[in-house]
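The chains referred to below are lettered A, B, ... by the order of the sequence lines, with proteins before strands, and numbering in each begins at 1. Heavy-atom basis, side chains included; hydrogens, waters and symmetry copies ignored.
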Number of protein chains: 2
Amino acid sequence: MTAANEHVGTGTLGKAIDVLEAVAAAPEPLRFTDLLKLVDQPRGTLHRQISNLIEEGLLSVRRDNSYELGLTLLKLASRAWSGNQFRAIAEPHLKRLHELTGETVHLGVLRGVEVIYLDKVESRQAVRMYSQIGNASPVYCTGVGKAALSALPDAELEKRLAAIVFKRHTETTLPDLAALRGEIAEIRASGLAFDRQEHEVGIHCVAAPIHSRDRDFVAGVSATAPAYRISMEQLTAWGPLVRETAAAIMEDMAARLGPKA
Amino acid sequence: MTAANEHVGTGTLGKAIDVLEAVAAAPEPLRFTDLLKLVDQPRGTLHRQISNLIEEGLLSVRRDNSYELGLTLLKLASRAWSGNQFRAIAEPHLKRLHELTGETVHLGVLRGVEVIYLDKVESRQAVRMYSQIGNASPVYCTGVGKAALSALPDAELEKRLAAIVFKRHTETTLPDLAALRGEIAEIRASGLAFDRQEHEVGIHCVAAPIHSRDRDFVAGVSATAPAYRISMEQLTAWGPLVRETAAAIMEDMAARLGPKA
DNA sequence: AATTGAGTTCCACATAATGGAACTTAAGAG
DNA sequence: CTCTTAAGTTCCATTATGTGGAACTCAATT
């Protein structure tokens, strides 16, 4: 649980999404009463909300009366992905970076205090794709997340930093704000962010920030590799390539989305 | 456009989903006025609905004021996929079928008059995964779709058939209800459905139906291959394997979801 | 048979969505 | 450069819609 589910739904729609997010965030199946405890709503209300969600195919009921997210979401997400403009622009650059490094390449965008992975390129498709794309990870322990943070204007950065809840994932996870601030300073200086097995043991990466002209949109690209096979030196050596990829994506964005709104 | 967007949203939530589906179904970018024509709502109302959707991250605005689906959908769909019980049960069986045939294996569930692909197993990952999973195709021109239809109780089948709008995708696409009814009879007899390049030229498949005990849930598995490499004879020869896979999935469902609700 | 807890239905009430109209911008024509 | 038309946005009285307390059903447990 990151701070992501402290989302306060506004309006009828917001409440509905809150229910979906509660179901999404739960590590184990939820039944009616479990949900009732999670979302702060009266029984009658929640019951009707759930009915509506089921009606729309956003939620469905299992045999044991627990809930799971519905197929409508898959259908919509499939279109959200293929129709995403930023992803389409970045795609060829990701492929190129993959060809140059031979390793897995990720594209992620910053949203609140988490990173949502928009795309992934890897050759040996050992891992299933859906398990990564759309996946949300905390900012402070991913290369893409830290890179994205570094690209924010100071005022905005402070707001986001304040919202982070630190949780130790591995031995090397940044423990607190002070450590994160230190890293961000370094990232701003070098234009590169490293994840030194901070999210998952055995996995490290180099990442570079991507941002729109006015920095209201920030994202990142990374090259990720298993630590046993790729050394930190090798990772560092890829730094310039990753930075160039990010730069190329930004150029393309500027060119294809008009000089500026 | 299939009959899918004749969805009539009920309640506030339904209207919101209608807007999302309109954006999802559009082949080209929509601006405010375009959307206004598609969803039948007064300007002020639509405007506020859009604001709410944007607020929740379900929609976002491009530089040119056209809309695209938001990242929240990716995040939720990622969980919808990994948490889906049916998919999890079917997964090992799909892998086994893939190993036996060496070809691409699909799992799809019936929803209204379309099939939504829930999973896909293939070795050479030439095609991007998101382009298939979550993808919705018409029932009448896919193996999985026809297999699923054949498993419906008659009353339900008739309702669905009535809602189908036939559109010719290829030379061999079933042209009308009569043709489809004929096929369904055959599928019921043999337990196997074929897609003879009816959806896409050069691609054909064998599929078998999957259903829950009371048939309120129907789906299908298929083995798909390019026509230039795999003959109809070979496809037919795989039939029993596909049927066995479907049977194994149903057994697993019965065992893991309780003898019956 | 009695008790508890889960899940569902109902309805007077209040909140939140509605939609008409007025208001800004932005684009095109004369 | 001003006029005109169209696109996009805001406002607010009206009303429809969602709300939530309480009563109810159903199943499991003792």
Side-chain angles (χ1 to χ4, degrees), chain A residues 7-23 26 28-70 72 85 214 216 257-261, chain B residues 7-23 26 28-70 85 213-214 216 257-261:
Chain A
H7 175 250
V8 178
T10 178
T12 309
L13 181 62
K15 312 254 184 72
I17 301 297
D18 284 350
V19 173
L20 290 183
E21 299 211 311
V23 174
E28 63 211 18
L30 297 174
R31 290 195 327 288
F32 183 82
T33 318
D34 305 318
L35 249 182
L36 196 56
K37 281 171 214 150
L38 288 176
V39 303
D40 191 33
Q41 304 245 8
R43 289 150 66 104
T45 302
L46 178 63
H47 190 264
R48 186 179 30 75
Q49 284 173 340
I50 290 175
S51 304
N52 292 336
L53 289 168
I54 291 173
E55 177 79 19
E56 297 299 329
L58 298 173
L59 209 58
S60 67
V61 200
R62 300 207 185 98
R63 285 310 243 280
D64 64 348
N65 280 337
S66 63
Y67 301 108
E68 65 182 22
L69 297 175
T72 299
Q85 204 171 35
D214 47 11
D216 59 350
L257 306 184
K260 167 92 167 67
Chain B
H7 175 251
V8 178
T10 179
T12 309
L13 181 63
K15 312 254 184 73
I17 301 296
D18 284 350
V19 174
L20 290 182
E21 299 210 312
V23 174
E28 62 211 21
L30 297 174
R31 292 195 327 286
F32 184 82
T33 317
D34 305 319
L35 250 180
L36 196 56
K37 281 171 215 151
L38 288 175
V39 303
D40 190 35
Q41 305 247 5
R43 309 218 320 238
T45 302
L46 178 62
H47 191 264
R48 185 179 29 75
Q49 284 172 340
I50 290 175
S51 303
N52 291 336
L53 289 168
I54 290 172
E55 176 80 19
E56 297 299 330
L58 298 173
L59 208 58
S60 65
V61 201
R62 300 208 186 97
R63 285 310 243 282
D64 63 348
N65 280 337
S66 64
Y67 301 108
E68 65 181 22
L69 297 174
Q85 204 170 34
R213 227 243 220 32
D214 47 11
D216 58 351
L257 306 184
K260 167 86 167 70

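- A/Gln85 is linked by a side chain to side chain donor-acceptor pair (under 3.5 Å) to nothing, counting only residues two or more places apart in sequence or in another chain.
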Counting primed atoms, P, OP1 and OP2 as sugar-phosphate and everything else as base, the B/S/- map of nucleotides 20-30 of chain D against protein heavy atoms under 4.0 Å is BB---------
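- The closest side-chain heavy-atom distance from B/Val23 to B/Leu53 is not below 4.5 Å.
- A search for side-chain contact (heavy atoms from CB on, under 4.5 Å) contacts involving B/Arg48 returns B/Thr45, B/Asn52, not counting sequence neighbours.
- Distances shown here put every side-chain N or O of A/His47 at or beyond 4.0 Å from the OP1 or OP2 atom of C/dG7.
- The CG-C1' distance, from A/Leu46 to C/dA6, rounds to 13 Å in whole Å.
- Comparing the start and finish of the helix from C/dA1-D/dT30 to C/dG30-D/dC1, five pairs each, the helix axis swings through 30°, to the nearest 10 degrees.
- For A/Leu13 and C/dA17, the CG to P distance is 9 Å, given to the nearest whole Å.
- Of all nucleotides listed (D/dT17, C/dT9, D/dG8), D/dT17 comes nearest to the side chain of B/Thr12.
- Note: CG (B/Asp40) to C1' (C/dG19) measures 12 Å, nearest angstrom.
- Taking a 4.0 Å limit (strictly below) on heavy-atom distances, residues 32-39 of chain A reaches DNA chain C at A/Phe32, A/Thr33.
- Separating the CZ atom of B/Arg31 from the P atom of C/dA27 is a distance of 11 Å, rounded to the nearest angstrom.
- Take A/Asn65 and apply the side-chain contact (heavy atoms from CB on, under 4.5 Å) test, not counting sequence neighbours, and it matches A/Val61.
- With sequence neighbours excluded, the residues satisfying side-chain contact (heavy atoms from CB on, under 4.5 Å) with A/Arg31 are A/Asp34, A/Ser66.
- Residues that satisfy the side-chain contact (heavy atoms from CB on, under 4.5 Å) test with A/Thr12, not counting sequence neighbours, are B/Thr12.
- Following rounding to the nearest Å, B/Gln49 (CD) and D/dT17 (C1') show an atom-to-atom distance of 13 Å.
- Taking the salt bridge (charged side-chain N to carboxylate O under 4.0 Å, His left out) definition, one finds that A/Arg43 meets it with nothing, sequence neighbours left out.
- Taking atom CG of residue B/Asn52 and atom C1' of nucleotide C/dA16, one finds them 10 Å apart after rounding to whole Å.
- No side-chain heavy atom of A/Lys15 sits under 4.5 Å from any side-chain heavy atom of A/Val39.
- The side chain to side chain donor-acceptor pair (under 3.5 Å) test applied to A/Gln41 returns no partner, not counting sequence neighbours.
- D/dA7 atom C1' lies 10 Å from atom OH of B/Tyr67, rounded to whole Å.
- Regarding B/Asp64, its CG atom lies at a distance of 14 Å from the C1' atom of D/dA7, rounded to whole Å.
- Separating the CG atom in A/Leu58 from the CG atom in A/Leu69 is a distance of 9.0 Å, to the nearest 0.5 Å.
- Among residues at least two apart or in separate chains, ring-ring contact (aromatic ring centres under 6.0 Å, His included) pairs with a member in residues 29-52 of chain B are B/Phe32-B/His47.
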